[in-house]
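The sequence lines fix the lettering, A, B, ..., with proteins before strands; numbering per chain opens at 1. Computed from a predicted structure; not experimentally measured.
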Protein chains: 2
Amino acid sequence: MKATVHIMLKKGVLDPQGKAIGHALENLGFEDVGDVRQGKVIEIEVGASTTKAQIEDMCDKLLANPVIEDYRVTLEEIA
Amino acid sequence: MKATVHIMLKKGVLDPQGKAIGHALENLGFEDVGDVRQGKVIEIEVGASTTKAQIEDMCDKLLANPVIEDYRVTLEEIA
């Protein structure tokens with residue numbers, strides 16, 4: 001199975017990397033660009049018996065910083 | 001509207017960061033962990049008239065490195 005973890009900074013936490021991307025887009029001539037936020041996505045191949053709770057455990061222990069980051073886990077069969 | 005851009009290294013491009021995460025997960029006692037790949041996700045608030053082609057233009061010019069990275073754009077109304 002494939003687990004996909006999306007990790008974004010929590011709302012209200014300053015995201016300087018996102019801000020930099022936003023400014024760069026404006027400098028390149030893209031208008032109408034509002035707030036930009038950058039996060040991480042991690043794709044993990046796991047065994048068929050792996051549960052979502054185990055992936056969330058991975059997030060809490062290693063992948064995300066729960067103090068400043070939110071994460072979202074999706075688990076799907078590999079086609 | 002909210003544009004979400006997923007950027008992953010192309011298949012076949014070595015992903016040392018993903019490998020490091022995989023090893024760290026094994027060292028933490030998680031079994032059954034196969035290939036791990038890390039990518040980026042960028043969320044951009046854009047005006048209502050922005051098209052998917054414009055977001056793809058942003059990817060080609062700034063957000064992604066088309067030589068080694070694949071990107072996927074989704075565009076949705078903000079709820």
Side-chain angles (χ1 to χ4, degrees), chain A residues 1-11 13 15-64 69-75 78, chain B residues 1-11 13 15-64 69-75 78:
Chain A
M1 299 178 85
K2 189 174 85 168
T4 306
V5 181
H6 282 83
I7 303 168
M8 299 295 292
L9 284 168
K10 289 188 183 185
K11 277 200 177 70
V13 177
D15 180 357
Q17 202 170 4
K19 284 266 180 292
I21 294 171
H23 288 304
L25 287 173
E26 278 170 28
N27 291 340
L28 280 172
F30 293 103
E31 288 160 22
D32 244 358
V33 174
D35 198 31
V36 180
R37 309 212 28 108
Q38 169 159 5
K40 287 179 284 190
V41 55
I42 302 173
E43 294 180 354
I44 310 169
E45 274 178 25
V46 291
S49 61
T50 305
T51 62
K52 201 168 167 179
Q54 283 174 302
I55 308 293
E56 288 171 353
D57 198 25
M58 291 180 186
C59 291
D60 289 327
K61 284 185 178 158
L62 179 75
L63 305 177
E69 291 172 329
D70 282 326
Y71 61 82
R72 184 163 51 83
V73 173
T74 52
L75 199 57
I78 295 175
Chain B
M1 297 179 88
K2 189 175 84 169
T4 306
V5 181
H6 282 85
I7 303 167
M8 299 295 292
L9 284 168
K10 288 187 182 184
K11 276 198 177 73
V13 177
D15 180 357
Q17 202 170 5
K19 283 267 182 293
I21 293 171
H23 289 304
L25 287 173
E26 277 171 27
N27 290 340
L28 280 172
F30 292 103
E31 288 161 21
D32 245 357
V33 174
D35 198 31
V36 180
R37 313 230 358 127
Q38 170 159 3
K40 285 180 284 189
V41 54
I42 301 173
E43 295 181 353
I44 309 170
E45 276 178 24
V46 290
S49 62
T50 305
T51 63
K52 201 169 166 178
Q54 283 175 301
I55 308 292
E56 287 170 353
D57 198 26
M58 291 179 186
C59 290
D60 288 327
K61 286 188 176 157
L62 179 76
L63 305 178
E69 291 172 329
D70 282 326
Y71 61 82
R72 182 163 51 83
V73 173
T74 51
L75 199 58
I78 296 175

H6(B) vs H6(A) side-chain heavy atoms within contact, under 4.5 Å: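 H6(B) vs H6(A): side chains touch.
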State, with a plain yes or no, whether a side-chain heavy atom of D57(A) is found less than 4.5 Å away from one of F30(B). yes
Top contributor to chain A contacts, counting heavy-atom pairs under 4.5 Å, from V41(B), L62(B), L63(B): V41(B)
Determine the option with the most heavy-atom pairs under 4.5 angstrom with chain A, choosing from V5(B), I7(B), V46(B).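 Looking at each of V5(B), I7(B), V46(B) in turn, V46(B) comes out on top.
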What is the distance from atom NZ of K40(B) to atom CD1 of I21(A), rounded to the nearest 0.5 Å? 7.0 Å
Checking heavy atoms, do the side chain of L28(A), its backbone, both or neither come under 4.5 Å from chain B?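 Side chain only.
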Most heavy-atom pairs under 4.5 angstrom with chain B, which of A3(A), A48(A), G47(A)?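 The answer is G47(A).
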Return the option, out of E43(A), Q17(A), K61(A), Q38(A), with the maximum number of heavy-atom pairs under 4.5 Å with chain B.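 So the answer, after comparing E43(A), Q17(A), K61(A), Q38(A), is E43(A).
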Residues which pass side-chain contact (heavy atoms from CB on, under 4.5 Å) with D70(B), listed by chain and number, not counting sequence neighbours: K10(B)
Apply side-chain contact (heavy atoms from CB on, under 4.5 Å) to Q54(B) and list each qualifying residue two or more places apart in sequence or on a separate chain. T50(B), T51(B)
Working for side chain to side chain contact (heavy atoms under 4.5 Å, CB included), residues I44(B) and V36(A): CA-CA 4 Å; I44(B) 309 170; V36(A) 180; 4.0 Å; yes
Heavy atoms from other residues, nucleotides or ligands near CD of E31(A) exceed 12 (cutoff 6.0 Å): no
